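I have placed the structure first, in the form of structure tokens, so that the comments after it can refer back to it.
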Amino acid sequence: MSTEPIKIAILAMGGEGGGVLADWIVDLAEYHGYLAQTTSVPGVAQRTGATIYYVELYPRAQAERDGGVPVLALMPLPGDVDIVLASELMEAGRAVQRGLVTPDRTTLIASTHRVYSITEKTALGDGRVDSDNLLDHAQSTARRFVHFDMAHAADQANSVISAVLFGALAGTGVLPFSRAQYEQTIERGGVGVKSSLQAFAAGYAHATATPATPAADAMEGSVAAPASAALDGTTDSPTQTEPRVEPVAHAPRDARVRALLERMTRDFPESAQPILVEGIRRTIDYQDADYAALYLDRLERIRDLEPAEPMLLSEAARYLALWMTYEDTIRVAELKTRGSRFERVRNEARVHGGQVLAIDEYMHPGVQEISETVPAGVGRWLLEAGWRRRVIERLTRKGRVVTTSSLRGFLLLYAVASLKRWRRNTLRHADETGRIERWLGRVEATAAVNPQLAVEVVQCQRLVKGYSDTHARGLRNFETVMGVVERRGRDLAPATLRELREAALADERGEALRATLGRHGLVA
């Protein structure tokens, strides 16, 4: 019977040390009597996929007995991998989906933390994959599945995930090497030895504590569910991240903020106040106290509607705050120049004393974004067809890189962020104010005849989000759905509007929405 190579696939994202992990495995094997070969296929930028490192190991003594050099493969094949190491849970799911993980032979070692992919982030609805589904399918598909939050373990050791994965690999015992031999490999590398050994120890401890009996063996005779089912799953939580609701521990120092909170407590029901507090915080952070007062003014119109619908005020408070804090170029520039962001990036990049951090922002403002940032009259003038628009389009045809960690780049975005005080004069503010007022008017009119339908109208704000093309697509779908509400009025069932909204969130091209409109005979 011929000897087969040991086949190892590593799926890791940039900055996680996937290449170092592959090199460690190669060095470990070669130092202890194996021939080794490693190849890699880089992933794509912006978190659409990880780099796959593939390693094959073959006993040198066996090759000498055979009288030749083994021919080792360059890429993993479905159903023919012994060990898969994944630096993130979605990458483990992708390995399962590709068929790299099989119940008869594969040991799967993966971190359970999530770094959301671009497809998850850009989905019009909530595109996040359900982590529990990923775990369940990985468990049912692998011969043995070792999983825990390796990002946390790496942070605790001030190291990177590759060292934790290396320790977990040692802990499984699937390779014919001792713990000491693994640790000596790290020491031979000579870089970050202390922290790497600490992270290695954490991974080793978790792996040795994981039961060796695989779920797949306990389910003998069963058929594993297809991995694509896990990758199609989504969660039901809101797409747009809400600030965590926390009680106000003490009275704000600013008198205007205290007055807003006192007004909220006095004029609005207690059931809606947790959301209102966050809405006030959000609108103040976005603009100022006067803008938060306008937020409460608008909500008073919803509060006074009759007949009352218990959910209507709370939902209106949530989605009005989101709409009033729309993402414009001023907001983007402000967030990118905040000290808290620089600190967060430094922590994520694990920058130590003496190291230099450079942050490059990839930006591509077009004529629409530029026109929306200037006074309304000027913005409309720039958007008109003619030489002015053509000049701007020519100048903005290509994107640019702004290094915000440099003085010049920081001051450039800081200058854009400083336009915040004049935001109410901009074309974008005028457009969004008109849309918000029309939306609120539609909510008021709908509540008079069907309060439950009014709640669904409020929740249609979910369609309006983001900026640039994402915002344009969402707004187009929103106007289509609101057109149905305007035409059908009291005859439209709340469940039908809910179905239209979910269809609008289903895909970017609007195919699901058009199909749903046709099915209900609602095409204009």
Side-chain angles (χ1 to χ4, degrees), residues 119-130 133 228-229 231-240 298 301-302 305-323 326 431-432 434-466 468-524:
T119 54
E120 291 176 288
K121 290 179 179 180
T122 58
L124 293 177
D126 188 347
R128 292 175 296 176
V129 173
D130 189 332
N133 279 346
S228 56
L231 297 181
D232 289 338
T234 57
T235 59
D236 297 325
S237 52
T239 301
Q240 291 172 281
R298 286 168 166 166
R301 295 160 53 183
I302 306 299
L305 291 176
E306 293 291 346
E309 163 59 45
M311 286 184 59
L312 186 57
L313 180 58
S314 294
E315 290 298 278
R318 179 193 306 276
Y319 289 107
L320 178 60
L322 290 171
W323 202 334
Y326 55 88
D431 289 344
E432 295 296 347
R435 292 167 187 143
I436 289 171
E437 290 299 326
R438 289 192 295 273
W439 172 63
L440 290 174
R442 197 167 283 128
V443 171
E444 291 175 291
T446 306
V449 296
N450 191 334
Q452 289 77 30
L453 181 61
V455 173
E456 299 297 334
V457 172
V458 165
Q459 293 176 342
C460 283
Q461 192 278 334
R462 289 180 59 197
L463 301 177
V464 184
K465 63 187 69 176
S468 191
D469 293 341
T470 299
H471 180 264
R473 286 192 297 267
L475 184 61
R476 185 166 56 248
N477 288 339
F478 174 82
E479 295 294 351
T480 298
V481 173
M482 288 299 98
V484 173
V485 176
E486 189 173 354
R487 293 194 305 273
R488 296 295 296 269
R490 68 177 69 239
D491 297 329
L492 185 64
T496 301
L497 180 55
R498 188 181 314 122
E499 185 179 354
L500 291 175
R501 184 176 67 246
E502 295 306 317
L505 292 167
D507 66 88
E508 293 184 353
R509 291 176 291 186
E511 294 176 355
L513 177 58
R514 288 192 292 271
T516 306
L517 288 168
R519 188 168 65 253
H520 288 282
L522 298 172
V523 179

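Reckoned from all heavy atoms, side chains included, excluding hydrogens, waters and symmetry mates. Remember, it's a predicted structure, so these values are computed and weren't measured experimentally.
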For E502, all residues meeting side chain to side chain donor-acceptor pair (under 3.5 Å), sequence neighbours excluded |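 Side chain to side chain donor-acceptor pair (under 3.5 Å) list for E502, sorted by chain: R462.
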
With sequence neighbours excluded, what pairs up with E437 under the side chain to side chain donor-acceptor pair (under 3.5 Å) test?
->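 E437 satisfies side chain to side chain donor-acceptor pair (under 3.5 Å) with R298, R301 only.
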
Evaluation steps, side-chain contact (heavy atoms from CB on, under 4.5 Å), between M311 and Q459 | CA-CA 11 Å; M311 286 184 59; Q459 293 176 342; 4.2 Å; yes

Shortest non-hydrogen contact from E456 to P494?
->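 The answer is CG-O, 3.7 Å.
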
[atom1] of [X] to [atom2] of [Y]: how many Å apart, nearest 0.5 Å?
| X | Y | atom1 | atom2 | value |
| --- | --- | --- | --- | --- |
| Q452 | T446 | CD | OG1 | 12.0 Å |
| E315 | L320 | CD | CG | 12.5 Å |
| R488 | H520 | CZ | NE2 | 10.0 Å |
| L500 | L492 | CG | CG | 7.0 Å |
| N477 | R514 | CG | CZ | 9.0 Å |
| Q461 | M482 | CD | CE | 10.5 Å |

Hey, can you tell me if W439 and W323 have their rings parallel, tilted or perpendicular (30° and 60° cut-offs)?
->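 Taking W323 first and then W439, their aromatic rings sit tilted (interplane angle of 30° to 60°).
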
Take R435 and V464 through the test side-chain contact (heavy atoms from CB on, under 4.5 Å) and record every step on the way to the result.
-> CA-CA 10 Å; R435 292 167 187 143; V464 184; over 6 Å; no

Quick one: list whatever passes side-chain contact (heavy atoms from CB on, under 4.5 Å) with A512, sequence neighbours left out.
->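 If we apply the side-chain contact (heavy atoms from CB on, under 4.5 Å) test to A512, skipping adjacent residues, the hits are A503, A506, D507.
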
Do T496 and V484 have side chains that get closer than 4.5 Å, going by heavy atoms?
->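 No, every pair of side-chain atoms sits at 4.5 Å or beyond.
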
Is there a side-chain contact between L312 and P451 (heavy atoms, below 4.5 Å)?
->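 Not in contact.
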
